Amino acid sequence: MARHQVCEENDIPVGEKKPFVVDEEEILVYHLEDGFFATQSRCTHLFWPLKNGKLVDKCTVRCPFHHARFDVRTGEVVQWANFPPGVQLLNFVRGEKSLKTYPVTLEAGKVLVEV
Ligand code: FES
């Protein structure tokens, strides 16, 4: 694992996120009220990109496809795929799975992600 500078602190306003490719891994970096966090960029359900997902309740991202929600601080599933009704039938092959997360540090206004 190595630390990579992805952007400056001011490049991502609070409450927003931005995609980056670091060491060939696609990640999303989020700026929450309590700091910066990073996760894999694709949903663990059916790999839909989360970059257009809404940030909900200040710390979760909601997948635009089937509305799974993840806590971006830990990657944990807050709510699994639930839209449209019936999508839960897929759960026996696509069970709940957390997002991979990456440590983020802030140094002199620079955002560094360990990948
Ligand atoms: S692909 Fe994200 S919830 Fe299905």
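Indexing begins at 1, ligand by ligand and atom by atom, following the structure's order. What you see is a predicted model, and the numbers here were worked out from it, not measured in a lab.
Taking the centre of each ring, His66 and Phe83 stay at or above the 6.0 Å mark.
A salt bridge does not link Glu26 with Lys51: none of the charged nitrogens is closer than 4.0 Å to a carboxylate oxygen. With respect to the salt-bridge test (charged N to carboxylate O, under 4.0 angstrom), the residues Glu9 and Lys110 do not qualify.
Side chain of His31 to backbone of Ile12: a donor-acceptor contact under 3.5 angstrom is found.
Excluding waters, the set of protein N/O/S atoms under 2.8 Å from atom 2 (Fe) of ligand 1 reads Cys43 SG, Cys63 SG.
In this pair, Trp80 and His45 present their aromatic rings perpendicular. The plane angle is above 60°, beyond the 30 to 60° band.
Side-chain contact check for Tyr102 and Glu25: at least one donor-acceptor pair (N or O, by modelled atom type) lies under 3.5 Å.
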